[in-house]
Structures are given as C-alpha cells and as structure tokens.
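Here is the structure we will look at, set down as structure tokens.
All values reported here derive from a predicted model rather than from experimental measurement. Both counts, for ligands and for their atoms, begin at 1 and track the order of listing.
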Amino acid sequence: MKRPAIVWFRRDLRLEDNPALNAAIETGRPIIPVFIWEPDEGGAAAPGSAGRVWLHASLSRLRERLQQRGASLVVRQGESHEELGRLIAETGAVAVYWNRRYEPDIIKRDAAIKESLLGSGIEAISWNGSLLFEPQSMPNKSGRPYQVFTPFWKACLSRGFDPPAAAPAGKFRHPSAAPRSLAIDELGLLPQINWHDPILSAWDVGEAAADRRLRTFADASVADYSTHRDIPGIDGTSALSPHLHFGEIGPRQIVQAVAGTGRGSRGAQVFLSEVGWREFAHHLLFHFPDTARAPLKPDFERFPWEPDDDLLRRWQRGKTGYPIVDAGMRQLWRTGWMHNRVRMIVASFLVKHLLQPWQRGAEWFWDTLVDADLANNTLGWQWTAGCGADAAPFFRVFNPIAQGEKFDPQGDYVRRWIPELAQLPDKSIHQPWTTPAAELEQAGVSIGSDYPAPIVDHKRARTRALMAYDKMRL
Ligand code: FAD
C-alpha cells in the first residue's frame with residue numbers, strides 16, 4: 001500500500017471545494033485527515049469563547065461527513081509542528097497538504113512548518129481554499145496594496161472568478177489502522193458554565209447547514225438584498241459569516257450559487273460586493289499586519305480616549321439606555337451574531353459617544369461573535385473608528401436615535417431583543433425616556449428601573465467626540 005498523505009484541516013472544515021483534500025485524494029494515497037487544536041495559535045487569531053463553541057460543533061459535523069466517506073478525523077492537541085511530526089512518525093506519512101490562512105502570526109508559523117517539513121523530505125504543499133483572490137496576488141497599478149475598496153473590487157471583478165472544485169465521489173482511501181485520536185470533547189472547547197445553549201440553538205452548524213443556508217438565501221433572498229440588508233428586524237442577509245469563517249463553505253461556492261440567480265441583479269451585485277469587503281479585509285490585514293492592534297492611520301495613536309471599565313461593561317451588557325444599541329448587544333450575547341447595520345451603530349457608539357478605544361470593542365466582539373474573524377473584525381472596527389482604510393470619517397457621528405428610526409422604524413428589532421420595551425409606541429421606541437409618563441405606565445416601563453436612562457446625552461457626547469478628534473489633530 002502507498003504511504004499516506006496527511007490533510008491538515010484548519011479553517012476549511014468542509015469536503016467540497018477543498019483544494020488540499022482534492023489534491024491528496026488525487027495522489028491515490030490513503031489520506032489521514034487531522035485537526036490540531038493549538039489553544040494559543042497565532043496570538044490574536046486564537047478563537048474566542050463563542051468561536052470555540054462553534055468550532056466544537058463544526059468538528060463534530062466534519063467528523064460525521066468524513067465517516068460517511070470512510071475516513072476518520074484524527075483530532076490532536078498541542079503545538080501544530082510537533083503534532084504533525086508525531087503523526088508522520090506514527091503513520092509513515094510522506095506528505096502534508098493544507099489550505100492557507102492569512103492571519104499574520106499564522107503565516108509565519110506555517111512558513112516555518114513548511115520549511116521544516118520540506119527539510120525532512122516530506123512533501124508539504126498549501127493551497128488557497130478560502131479567498132477569491134489571495135492578497136499577494138492583487139497589487140494595485142503602482143504595485144502597492146490597495147487601500148480603497150472600489151478600485152480593489154473593480155480589479156477583482158475584471159479578473160473573473162475561479163469555479164469551485166467538487167469533492168471526488170466515493171469513499172476515500174484510508175490507512176489500514178486509524179491513528180490515535182482525541183475525542184472532540186477532550187479539547188475542552190465548550191465552557192464549563194453552560195451559557196452556550198442559546199447560541200447553538202440559534203444556528204445549524206457544519207458544511208451541510210452552510211450549503212442549505214446558501215441555497216435558501218440564493219433562491220429566496222438575494223434579489224431583495226440591496227433593500228433588505230440594512231433592516232435588522234428582517235432576515236435579509238445571508239448569515240453565512242460563521243460558516244465562511246470556519247470554512248464550512250468557501251467564497252467560490254457562494255459566487256457560483258449567486259451567479260446562478262443572475263449576477264446582473266442589483267441584489268446579487270451588492271451581495272457579491274459584501275463578499276468583496278471580506279476579500280478587502282484579508283488584503284489589508286495581510287499587507288498591514290499590525291492593524292489588528294494599531295490604527296492604520298498613525299494620527300489615531302494620539303487619540304485622547306477615556307478608558308472606563310464601567311462604561312465598557314454597560315455597553316457590553318446592553319444597558320446604555322439607547323434601545324438600538326442595547327438590542328444589538330443583547331442579540332450578540334444571545335446568538336453570537338449581530339446584524340451588520342447594528343454592528344456599525346454599536347461600534348460607533350462605543351468609540352464616539354463613550355470615547356472607549358476601538359480595540360476594547362474589538363476584543364469583546366472577538367470573544368462573543370461566532371464569526372469573529374481577525375481580518376473582518378479589524379476592518380469593521382477601524383472603519384467605524386475612522387482610523388482604517390477607506391474608513392467612515394471620524395466626524396460623521398451616528399445618531400443612535402435617528403439610526404433606529406431609519407432602519408427599525410416600527411421597532412421590530414428592538415422589541416425582539418428588549419422585551420421590556422415591547423409595549424412602547426413606535427414613535428418613542430428609540431427614545432423611551434421621551435415617552436409621556438402615562439404611556440410609560442401603560443406600557444409597564446419605568447425608566448431607570450426596568451430600562452436604563454441614557455448613559456450619555458447624544459448631543460453632548462457628539463460635541464465631546466468632535467472636540468477629542470480636534471485635539472488629536474492639533
Ligand atoms: P451578508 O450581508 O450576507 O454578507 C455576506 C458575507 O460577506 C458575510 O458573511 C461576510 O463574510 C462578508 N461581509 C459582509 N459585510 C462585510 C464587511 N463589512 N466586512 C467584511 N466582510 C463582510 N464580519 C465577520 O465575518 N467577522 C467579524 O468579526 C466581523 N466584525 C465586525 C465588526 C464591526 C465593528 C463591523 C462594523 C463589522 C464586522 N463584520 C465582521 C462585518 C459584517 O458585519 C459581517 O460580516 C456580517 O454582518 C455578517 O452577516 P452576514 O453573513 O449575514 O452578511
């Protein structure tokens with residue numbers, strides 16, 4: 001029997017459109033699929049609490065899918081390089097195949113692993129499994145990285161997209177004796193105190209679920225995406241972000257499914273451009289690797305933030321007194337996800353109304369989002385704080401009342417996540433403190449006890465934010 005090839009699964013927890021898996025199968029060698037849990041891998045790229053919950057479920061689904069094809073997932077824990085070395089020694093494997101990741105510390109680690117494997121005579125090959133265009137392959141006309149989205153995406157569109165590659169049919173060849181494996185439970189990915197059940201019941205995890213979600217969205221929702229995507233009270237976006245982050249589905253599959261619905265439709269074009277923002281985020285993080293921690297615009301190093309643990313905590317718990325902000329923070333806590341429009345509102349509120357450093361918001365998102373993704377989260381926070389590439393200018397301060405009234409006009413979203421406000425009339429749902437006393441009583445709400453009074457006054461907070469911005473520019 002030929003000696004085996006290891007397929008190292010990482011953020012590509014799927015069988016379809018998986019170039020590393022396909023290449024391994026094409027060699028005709030028995031394959032050993034492995035997942036290595038390295039708790040601190042890649043520093044800032046190590047999954048947060050909600051990400052670990054998703055990963056636990058996703059590994060279980062991957063194991064089932066591999067079993068259906070006659071292969072068993074080997075699960076290990078430890079430093080990736082050492083674990084791969086052990087597995088090679090135990091199985092006599094002659095090749096290790098994987099799909100690339102793009103977080104700065106992971107790139108360095110993987111380069112070192114590749115060099116060492118090649119040095120010991122092991123075939124080590126990596127592929128692109130998670131992006132439409134890899135960052136190193138997309139210089140702008142002057143040979144430098146893009147920092148503005150529109151020309152970046154135009155360049156992507158002009159290159160055209162590769163189709164996804166189907167997984168080979170039939171059973172996979174596997175070694176006669178399966179290597180030792182941990183049970184997924186032994187990785188300790190789930191928290192000791194059970195706060196994660198609501199998250200898991202809000203989602204269907206895994207490749208099959210991602211595929212179903214994509215088909216339903218492409219059939220029923222993408223045509224309306226451009227008008228529905230900003231309304232958090234309706235299910236108008238794809239909710240594919242955690243599936244994409246863990247590689248349960250890849251962007252080539254998304255492009256193909258949406259193109260089938262007529263890529264010319266406005267909804268499909270706008271949706272694909274959002275997938276383009278994901279590409280742009282990876283492009284930026286690759287070329288500006290410090291931006292997960294530091295602002296891209298260096299002036300912002302001098303921004304006079306006013307760190308305050310109490311304000312941060314009230315924001316985290318959804319107790320700012322601004323319903324659209326609090327609804328978003330509560331959706332995040334309950335489901336591990338938040339609508340994009342609301343992410344922008346809550347992030348802007350933390351940074352501008354409360355003058356908290358964007359990095360503290362990014363850290364909370366990192367721990368609580370099931371789709372926490374170093375590239376997208378960094379872009380989202382730097383964009384909102386005005387310190388990133390192609391960012392919203394700092395002086396454009398979102399008014400949380402006006403944003404609520406515009407994007408949640410009947411208060412459906414607020415009523416869903418803040419049931420104590422459910423009986424308020426539409427006209428004051430986004431500023432409950434202005435509701436006449438009789439109406440408050442009728443709705444059963446007492447401001448200050450059932451629901452907080454505003455943590456800051458919007459107009460004063462706006463003026464303070466603009467003064468802070470001016471101070472930075474002195
Ligand atoms: P859809 O609208 O259906 O979009 C399809 C896909 O395109 C998404 O799944 C996502 O992969 C990508 N996408 C959409 N919008 C963006 C965007 N603005 N930037 C980058 N990619 C985008 N997204 C994450 O995946 N992980 C994060 O950690 C993350 N943190 C964010 C933090 C802030 C402060 C902000 C403002 C945005 C953040 N986003 C993040 C981007 C965006 O909010 C989510 O990708 C989106 O809400 C996911 O929902 P969806 O899958 O229904 O998106």
Side-chain angles (χ1 to χ4, degrees), residues 11 44-45 47-48 50-51 54 103 130-132 149 152-153 202-203 210 213-214 216-218 220-222 224-232 234-251 253-255 257-258 267-285 292 315 325 328-329 331-332 335-352 356 358-392 398 403:
R11 291 285 150 73
W54 189 286
E103 299 97 326
S130 62
L131 291 176
L132 297 168
F149 175 72
F152 169 80
W153 187 234
W203 294 93
R213 178 76 207 169
L214 172 60
T216 311
F217 176 74
S221 308
V222 76
D224 296 321
Y225 180 80
S226 54
T227 46
H228 288 178
R229 63 188 278 257
D230 266 327
I231 314 291
I234 58 178
D235 194 10
T237 68
S238 71
L240 284 169
S241 50
H243 301 291
L244 265 167
H245 173 72
F246 286 97
E248 296 170 356
I249 200 149
Q253 294 166 281
I254 293 183
V255 170
V258 170
Q269 273 176 15
V270 175
F271 174 69
L272 287 181
S273 77
E274 292 304 317
V275 177
W277 274 95
R278 174 179 180 270
E279 298 283 318
F280 187 49
H282 283 78
H283 183 83
L284 289 170
L285 185 62
W315 174 83
V325 175
M329 298 310 291
Q331 180 183 31
L332 173 61
T335 67
W337 186 88
M338 194 195 299
H339 189 278
N340 179 59
R341 167 59 50 185
V342 190
R343 290 189 205 205
M344 293 194 282
I345 297 170
V346 304
S348 168
F349 189 84
L350 182 76
V351 169
K352 298 181 185 175
Q356 300 305 298
W358 61 268
Q359 291 92 335
R360 302 187 87 183
E363 281 161 19
W364 182 249
F365 269 30
W366 187 260
D367 207 38
T368 52
L369 278 171
V370 286
D371 65 20
D373 181 279
L374 200 61
N376 289 354
N377 202 36
T378 301
L379 175 99
W381 280 94
Q382 292 226 16
W383 185 91
T384 315
C387 58
D390 210 354
F398 275 173
Q403 288 282 313

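At least one side-chain heavy atom of W364 sits under 4.5 Å from a side-chain heavy atom of L332.
Looking only at protein heavy atoms, the nearest one to atom 30 (N) of ligand 1 is N377 OD1, 3.0 Å. Among protein heavy atoms, the minimum distance from atom 3 (O) of ligand 1 is reached at S238 OG, 2.6 Å. For atom 26 (N) of ligand 1, the closest heavy atom belonging to the protein is D371 O, 2.9 Å. When only non-hydrogen protein atoms are considered, atom 41 (C) of ligand 1 lies nearest to N340 OD1, 4.0 Å. E274 OE1, 3.8 Å is the protein heavy atom nearest to atom 16 (C) of ligand 1. Distance from atom 39 (N) of ligand 1 to its nearest protein heavy atom, with residue and atom name: R343 NH1, 3.6 Å. The shortest contact between atom 17 (C) of ligand 1 and any protein heavy atom is with W277 CB, 3.9 Å. Atom 2 (O) of ligand 1 has as its closest protein heavy atom Y225 OH, 2.4 Å.
Below 30°, between 30° and 60°, or above 60°: for W315 and F365 the angle between ring planes is below 30°, a parallel geometry.
In S241, the parts holding a heavy atom less than 4.0 Å from any atom of ligand 1 are both the side chain and the backbone. Only side-chain heavy atoms of L244 come within less than 4.0 Å of ligand 1; its backbone N, CA, C and O stay farther off. Using a 4.0 Å cut-off between heavy atoms, W383 makes no contact with ligand 1 at all.
Contact annotation: F280 has no heavy atom less than 4.0 Å from any atom of ligand 1. Heavy-atom distances between W337 and ligand 1 reach below 4.0 Å in at least one pair. Close to ligand 1: M344, with a non-hydrogen atom less than 4.0 angstrom away.
Taking every non-hydrogen atom of A239 and a distance limit under 4.0 Å, the qualifying atoms of ligand 1 come out as 50 (P), 51 (O), 52 (O). Under a 4.0 Å criterion applied to the non-hydrogen atoms of A347, ligand 1 contributes the atoms 34 (C). Set against the non-hydrogen atoms of L240, the atoms of ligand 1 under 4.0 Å away are 9 (O), 51 (O). Atoms of ligand 1 found under 4.0 Å from any heavy atom of A372, numbered from 1 in the order shown, are 28 (O).
The shortest N/O to N/O separation between T384 and ligand 1 does not fall below 3.5 Å. For ligand 1, none of its N or O atoms has an N or O atom of F271 under 3.5 Å away. In terms of polar-atom proximity, defined here as any N/O pair under 3.5 Å, D373 does make such a contact with ligand 1. Looking at A281 next to ligand 1, no N or O pair under 3.5 Å apart turns up.
At a cut-off of 3.5 Å, with distance as the only test, a side-chain donor of W337 or S241 sits close to an acceptor on the other residue.
Ring centroids of W153 and F280 are separated by 6.0 Å or more, keeping the two rings apart.
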